[in-house]
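Single-structure report; data block below.
Naming: A, B, ... by sequence-line order, numbering from 1 per chain.
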Amino acid sequence: MPIYIHNTLTNRKEEFVPQVEGKVRIYSCGLTVQGYAHIGHIRGAVLFDVIRRFFRKKGYEVIYVQNFTDIDDKIIAKAKHEGVSPASLAEYYISAYLQDEEEMGIMQADYNPRATHHIKEIIEVVEALIRKGCAYVVDGDVYFSVASFPSYGKLSKRSLDEMMIGARVEVDERKRDPRDFALWKSAKEGEPYWESPWGKGRPGWHIECSVMSIKYLGVPLDIHAGGQDLIFPHHENEIAQSEAFTGQTFARYWLHWAPVNLKGEKMAKSTGNVFIVREALKQFSPQALRLYLLSSHYRSPIDFDGEKVEEMERALERAREAEEKVDIALKGTADYSERIVELPDFGVYREQFYSALEDDFNTPRAIASYFSLVSEVGRVIDDFLPKPPTSVLLPLWSAKKLIQELKWVLGIEERRGGKEGRGIEGFVELLIKVRDKLRKQKLYELADEIRSGLGTLGIVLEDHPGGTIWRMGK
RNA sequence: GGCGGCGUAGCCAAGAGGUAAGGCAGCGGUCUGCAAAACCGUUAUACCCCGGUUCGAUUCCGGGCGCCGCCUCCA
């Protein structure tokens with residue numbers, strides 16, 4: 001089935017046709033690394049993690065680039081304030097961010113290019129733009145001339161006149177046009193710099209993304225993404241520079257996700273109204289956090305609500321319960337009678353799941369079909385949990401595979417805090433056996449002591465007709 | 001002021017021109033030595049207001065009210 005993507009450029013859903021068949025090339029604007037990542041940042045990363053997994057399941061080869069802008073005014077200011085070099089400050093926050101991503105179960109990008117590693121290429125592109133008459137030099141600064149790019153404003157749907165009115169911030173008299181933006185900024189005293197044909201300086205914002213996306217993905221690339229707040233001016237400027245430079249379409253599909261608000265206002269570093277990822281991970285499991293962020297469509301803003309994340313925690317718990325029951329059924333003794341039990345067709349949920357994602361990555365709908373599947377499985381399995389008839393084993397096994405597949409796409413597989421890799425399974429199972437014998441002898445006091453004792457250690461026991469199961473609690 | 005978006009049950013959140021997914025919460029029940037979980041039922045005649053188009057609109061169009069984002073660094 002075709003995939004539809006809402007394209008900011010046209011403001012409508014369009015069928016996605018990759019430039020090169022079977023291959024998707026994605027550039028997602030990463031952070032300016034001057035602090036820890038907050039929930040708003042990670043929303044986009046989680047979204048694209050699912051999008052990449054989805055494309056892979058659909059048989060596409062995916063190349064995903066997420067950059068780091070590791071030099072800018074704020075980084076310089078903060079580094080100065082803390083008495084460290086801008087480079088080491090940036091590196092610190094880059095590794096912190098990558099760590100956050102890993103904790104969140106986000107697959108690594110194919111490339112994480114940094115602005116400062118591409119100075120040479122940036123200078124080349126700026127030189128080319130000057131040669132083409134699209135940029136000009138003033139006192140060691142280089143500006144892009146917006147007037148030289150007639151379709152400027154096509155992404156953010158702003159006419160040049162409107163922007164003239166809007167340009168009310170202190171106008172730099174040296175610019176030919178107030179809307180012109182810096183490609184290269186000369187270094188002031190004490191600022192880090194690189195040598196260039198225009199003197200010592202550093203790249204402006206915007207240009208690094210053009211250069212790196214073209215370098216790693218070519219033009220036109222398939223999907224260029226970022227938060228909605230990047231539409232203007234960042235992406236608008238990227239289009240201008242890139243298309244003026246290459247003479248070709250820069251990106252074919254522009255995808256922008258909505259902000260995460262906190263207490264009704266946008267979460268943003270500049271206002272201090274933030275909830276950082278590493279703080280959130282102290283309170284919530286990465287799975288619940290992911291599911292929460294994916295439970296609204298990416299183009300709708302979210303007002304972050306920790307209670308809702310806890311609700312997701314409970315929903316996941318229930319889903320795990322159903323999976324456990326399937327495991328018990330598959331492991332237990334089958335009922336070898338001729339009893340034929342017809343199970344519903346679980347395959348419909350698979351179709352629902354993927355068709356939801358095909359429709360502009362509708363993760364809320366995909367999640368709904370995941371939960372429907374899990375509920376349905378949990379419901380039918382209750383009828384025969386002690387001894388499943390043999391007729392049911394194969395469908396049950398494929399249901400389990402399906403559950404695992406959908407979880408993988410959503411990225412909510414258990415990775416930490418699970419049973420595996422802790423080396424305690426043997427002990428717990430031994431205790432469960434002992435407790436079982438105690439229960440049979442009606443020595444409930446001792447049995448309960450074992451259960452509550454394990455509970456203190458974070459291990460939850462649940463007695464089912466088919467036997468006792470255990471899991472890691474909170 | 002300009003551009004864009006949103007307003008669905010107690011809360012969160014999908015959605016189609018023909019009366020509406022999923023999650024959580026509450027209540028009642030089944031099961032259980034107890035507990036927990038699960039399951040069943042229920043809250044649910046839920047679509048901001050007013051016009052218009054239509055056999056029929058919550059879904060399309062116009063207006064109103066409310067909320068939000070961008071227009072300046074920002075994911």
Between [X] ([atom1]) and [N] ([atom2]), how many Å, whole number?
{"X": "A:K157", "N": "B:G69", "atom1": "NZ", "atom2": "C1'", "answer": "15 Å"}
{"X": "A:E376", "N": "B:A21", "atom1": "CD", "atom2": "P", "answer": "15 Å"}
{"X": "A:Y152", "N": "B:C71", "atom1": "OH", "atom2": "C1'", "answer": "11 Å"}
{"X": "A:E462", "N": "B:A38", "atom1": "CD", "atom2": "P", "answer": "8 Å"}
{"X": "A:Q352", "N": "B:G22", "atom1": "CD", "atom2": "P", "answer": "10 Å"}
{"X": "A:H6", "N": "B:A14", "atom1": "NE2", "atom2": "C1'", "answer": "17 Å"}
{"X": "A:M312", "N": "B:A14", "atom1": "CE", "atom2": "P", "answer": "11 Å"}
{"X": "A:R435", "N": "B:C34", "atom1": "CZ", "atom2": "C1'", "answer": "10 Å"}

For [N], does either OP1 or OP2 sit under 4.0 Å from a side-chain N or O belonging to [X]?
{"X": "A:S372", "N": "B:G23", "value": "no"}
{"X": "A:R314", "N": "B:A25", "value": "yes"}
{"X": "A:R451", "N": "B:A35", "value": "no"}
{"X": "A:T32", "N": "B:A75", "value": "yes"}
{"X": "A:S375", "N": "B:G23", "value": "yes"}

Rounded distance in Å between the [atom1] positions of [N] and [M]:
{"N": "B:G26", "M": "B:G66", "atom1": "C1'", "value": "29 Å"}
{"N": "B:C24", "M": "B:C61", "atom1": "P", "value": "35 Å"}
{"N": "B:C31", "M": "B:C47", "atom1": "C1'", "value": "38 Å"}
{"N": "B:C68", "M": "B:U30", "atom1": "P", "value": "48 Å"}
{"N": "B:U8", "M": "B:G15", "atom1": "C1'", "value": "10 Å"}
{"N": "B:C12", "M": "B:G7", "atom1": "C1'", "value": "14 Å"}
{"N": "B:G17", "M": "B:U54", "atom1": "C1'", "value": "9 Å"}

Any N/O pairs under 3.5 Å between the protein and nucleotides 10-12 of chain B? List them or say none.
unit_1	atom_1	unit_2	atom_2	d
B:C11	O2'	A:K308	NZ	2.9
B:C11	O2	A:K308	NZ	3.2

Report yes or no: do [X] and [Y] form a side-chain donor-acceptor pair below 3.5 Å?
{"X": "A:Y143", "Y": "A:R174", "result": "yes"}
{"X": "A:Y349", "Y": "A:E376", "result": "yes"}
{"X": "A:T468", "Y": "A:D463", "result": "yes"}
{"X": "A:N67", "Y": "A:Y27", "result": "yes"}

Exercise for review: Scan A:L31 against the nucleic acid and name what it touches under 4.0 Å (heavy atoms): base, sugar-phosphate only, or nothing.
Suggested key: sugar-phosphate
Practice item. Report which part of the nucleic acid A:S28 touches: base, sugar-phosphate, or nothing (heavy-atom distance under 4.0 Å, all strands). Key: nothing
Check your understanding: Are any of the side-chain heavy atoms of A:H224 and A:F250 separated by less than 4.5 Å?
Key -> yes
Let's test your reading of the model: under 3.5 Å, does the base of [N] pair with the side chain of [X] as donor and acceptor?
{"X": "A:R318", "N": "B:A37", "answer": "no"}
{"X": "A:N261", "N": "B:G69", "answer": "no"}
{"X": "A:K74", "N": "B:C73", "answer": "yes"}
{"X": "A:R439", "N": "B:G33", "answer": "yes"}

Review point. Is there a side chain to side chain contact (heavy atoms under 4.5 Å, CB included) between A:L98 and A:Q108 once you walk through the steps?
Key: CA-CA 8 Å; A:L98 292 174; A:Q108 284 191 349; over 6 Å; no
Practice item. Pull out every residue in residues 357-370 of chain A that has a heavy atom closer than 4.0 Å to any atom of RNA chain B, ordered by number, or say none. Key: A:N362, A:P364, A:R365, A:A368
Point to revise | A:R451 with A:E462: basic N within carboxylate O range, under 4.0 Å | key: no
Point to revise | From CA spacing to verdict: side-chain hydrogen bond (donor to acceptor under 3.5 Å, both in side chains), A:E358, A:Y354 | key: CA-CA 6 Å; A:E358 280 156 10; A:Y354 286 109; over 6 Å; no
Classify the ring geometry between [X] and [Y] as parallel (under 30°), tilted (30 to 60°) or perpendicular (over 60°).
{"X": "A:F144", "Y": "A:F149", "answer": "perpendicular"}
{"X": "A:Y298", "Y": "A:F361", "answer": "tilted"}
{"X": "A:Y152", "Y": "A:F181", "answer": "parallel"}

Distances under 3.5 Å between protein N/O atoms and the N/O atoms of nucleotides 58-61 of chain B, please, pair by pair.
none

Check your understanding: Does the pair A:K154 and A:I239 meet the rule for a side chain to side chain contact (heavy atoms under 4.5 Å, CB included), with working shown?
Key -> CA-CA 9 Å; A:K154 65 180 171 184; A:I239 291 176; 3.5 Å; yes
Practice item. Using the aromatic ring of A:F371 (for Trp, its six-membered ring), decide whether it stacks on the base of B:G22 within the limits of 5.5 Å and 30°. Key: no
